[in-house]
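Everything below concerns the one structure shown next.
Here the structure is a predicted model, which means the values were calculated and not measured. We count ligands from 1, going down the list as the structure has it; atoms in each ligand are counted the same way.
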Amino acid sequence: MSSLKKNDYIPYGLHSVTEEDIEAVTDVLRNKPLTQGLKVEEFENAISKQVCADYCVAVNSATSALHLSCLALGVSDNDIVWTSPISFVASANCALYCGAKIDFVDINPSTGLLDVSKLKIKLKKAAANNSLPKVIIPVHLAGSSCNMQEIFNLSKIYNFSIIEDASHAIGAEYKESKVGSCKYSSITVFSFHPVKIITTGEGGAATTNDTQIANSLKKLRSHGIVKDHNKFINSAEGSWNYEQQSLGFNYRITDIQAALGLSQLKRLKKITEERNYLLNFYRDILKDLPISFLEIPEFNYSSVHLAIIRLKKISKKYYYNVFEGLKDNNIGVQLHYKPIYKNPYFEKFKFNKEEFQGAEIYESSAISIPLFPGLKPKQQMRIKEILQKLL
Ligand SMILES: *Cc1c(COP(=O)(O)O)cnc(C)c1O
C-alpha cells in the first residue's frame, strides 16, 4: 500500500476486493461455466441462509430485481405503487416499467425513512378516493430498516403488498430478524453495485418466502422460459424443447459475478462491523460541530451503507458552501438523495412538493461523507478538520 498523501482524494464510498475474491473469480474463469452454472445457485443459497429467507433469486442488478418483483406481484397498467422520494430513482422506475403510476410517501427527515404517520394519513385518503396502492416499496436508507412491523400491519388493513428496497441493507437487522427474511414483506431486494455493502461488479437479488413468487422471478429473469417438461403448458415434443410462457428478460447474473459475491458474503459481518465502527468514530470526533447524524431507530442494527450528516443551520447558501468546500478539499461527498420527483423526467407527473416537507428539509441538510472499509482514522480526522473550518 502506498502511503496516503496529505491531500489524497477520499471518495464517499469504495468497494473492497481481497486476494481471496480475486482467487474465487479466476477459479471460475479457469474451470467453470461463465454463466448459467452452479455458482449462481450457490450464491443464492448463501444469501438465503444469511438473511433467513426461503428463496433467493440473483439477477444482474437491483433495478432488475425491483422490476421483476413488481411484475411477480402483478403490477401493471392502472396500478399504483408508492415509494420514498428520498431514494435512488430505480425505486420508482420499477413501477413505471410496468405501466403503473408512481407516488411517494414523505419521510421523517431525522431518519430519512418513510414516515409511518404520514403513510397512515395518505392511505386513509387513498381509501376514500379509491386510489390505494397495489405495492409499497419502503427504502432502508443508509442501511437502517424502516418500521416494517407497522407498515406490515397497515398492509393487512389496506391490502397492499410490500417490496423492501434493501439495496443498502444486506447485513442489517430489524428487531429480531435479518433484513431480507421477509418477515414483514413479500419480497426484499438487495444491490451488489460496487458502492453498496458487498459487490458483484453489477448485480442484485430478491429474497422471498413465497414459492410462487420465487418461481415467477426465476422465469422472468430468463425470458419467461421454462425448461422443466413437468411445468410445460403444451406437451413436450422431445427432450430438446423449451417453452416461453410469459414475456421475460435476460436479467441473469453470471457465474463470475456470483463467485465474487460468494467470496464477499463471507466477510459481510466484518464489513458491517467496520462500517458501524467508522460511523461511531465520526460521531465521537464530530460531536462538537453544528451537525447531527442521520438517526438510526433503536429497533435497528444498521449496515451503515452511508455516513449521512445533517447541517443544523438550514440555508441554501450555507449548504452549498459546505458541500462544495468539502469537494474543493478533495473530500468525496454526495447527496443521498435529491427527491426523485425533482428529476426532469418526473416533472410531467406534477408532484406537489408541499406534500413532501420531510423530504424537502432533508434535501437541504443532508450530506454523505466518506465511509467505506479501510477508511483510516487519519482520513477521518482530516475530514473533521475541513468540516470544522467550513462550519
Ligand atoms: C443502488 C440502488 C438501487 C439500484 O441498484 P442497482 O444494483 O445499481 O440497480 C436501487 N435502490 C436503491 C435505494 C439503491 O441505492
With side-chain hydrogen bond (donor to acceptor under 3.5 Å, both in side chains) as the test, would you mind laying out the steps for S87 and S84 before giving the verdict?
CA-CA 6 Å; S87 184; S84 166; 5.9 Å; no
So is there a nitrogen or oxygen of A62 less than 3.5 Å from a nitrogen or oxygen in ligand 1?
yes
Would you say ligand 1 has an N or O under 3.5 Å from any N or O of E202?
no
Could you tell me, atom by atom, which parts of ligand 1 come under 4.0 Å of a heavy atom of [X]?
{"X": "S91", "result": "11 (N)"}
{"X": "G203", "result": "7 (O)"}
{"X": "S87", "result": "13 (C)"}
{"X": "S61", "result": "7 (O), 9 (O)"}

Top protein contact for [atom], by heavy-atom distance:
{"atom": "atom 15 (O) of ligand 1", "result": "H168 NE2, 2.6 Å"}
{"atom": "atom 9 (O) of ligand 1", "result": "T63 OG1, 2.5 Å"}
{"atom": "atom 1 (C) of ligand 1", "result": "K196 NZ, 1.5 Å"}
{"atom": "atom 10 (C) of ligand 1", "result": "S167 OG, 3.3 Å"}
{"atom": "atom 11 (N) of ligand 1", "result": "D165 OD2, 2.8 Å"}

Decide, yes or no, whether a salt bridge links [X] with [Y] under the criterion of side-chain N to carboxylate O below 4.0 Å.
{"X": "K342", "Y": "E360", "answer": "yes"}
{"X": "K101", "Y": "D79", "answer": "no"}
{"X": "D106", "Y": "K118", "answer": "yes"}
{"X": "K269", "Y": "E273", "answer": "yes"}

Whether the T208 and D210 side chains hold a donor-acceptor pair (N or O, under 3.5 Å, no angle test) is what I'd like checked.
no
Sole candidate of R221, H67, H223 that passes side-chain hydrogen bond (donor to acceptor under 3.5 Å, both in side chains) when paired with Y251:
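Only one of R221, H67, H223 forms a side-chain hydrogen bond (donor to acceptor under 3.5 Å, both in side chains) with Y251, namely H67.
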Considering only heavy atoms, does Y337 approach ligand 1 within less than 4.0 Å through its side chain, its backbone, both, or neither?
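The part of Y337 near ligand 1 is the side chain, not the backbone.
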Answer with yes or no whether the hydrophobic clustering places I271 together with I47; edges join I, L, V, M, F, W, Y residues whose side-chain heavy atoms lie under 4.5 Å apart.
yes
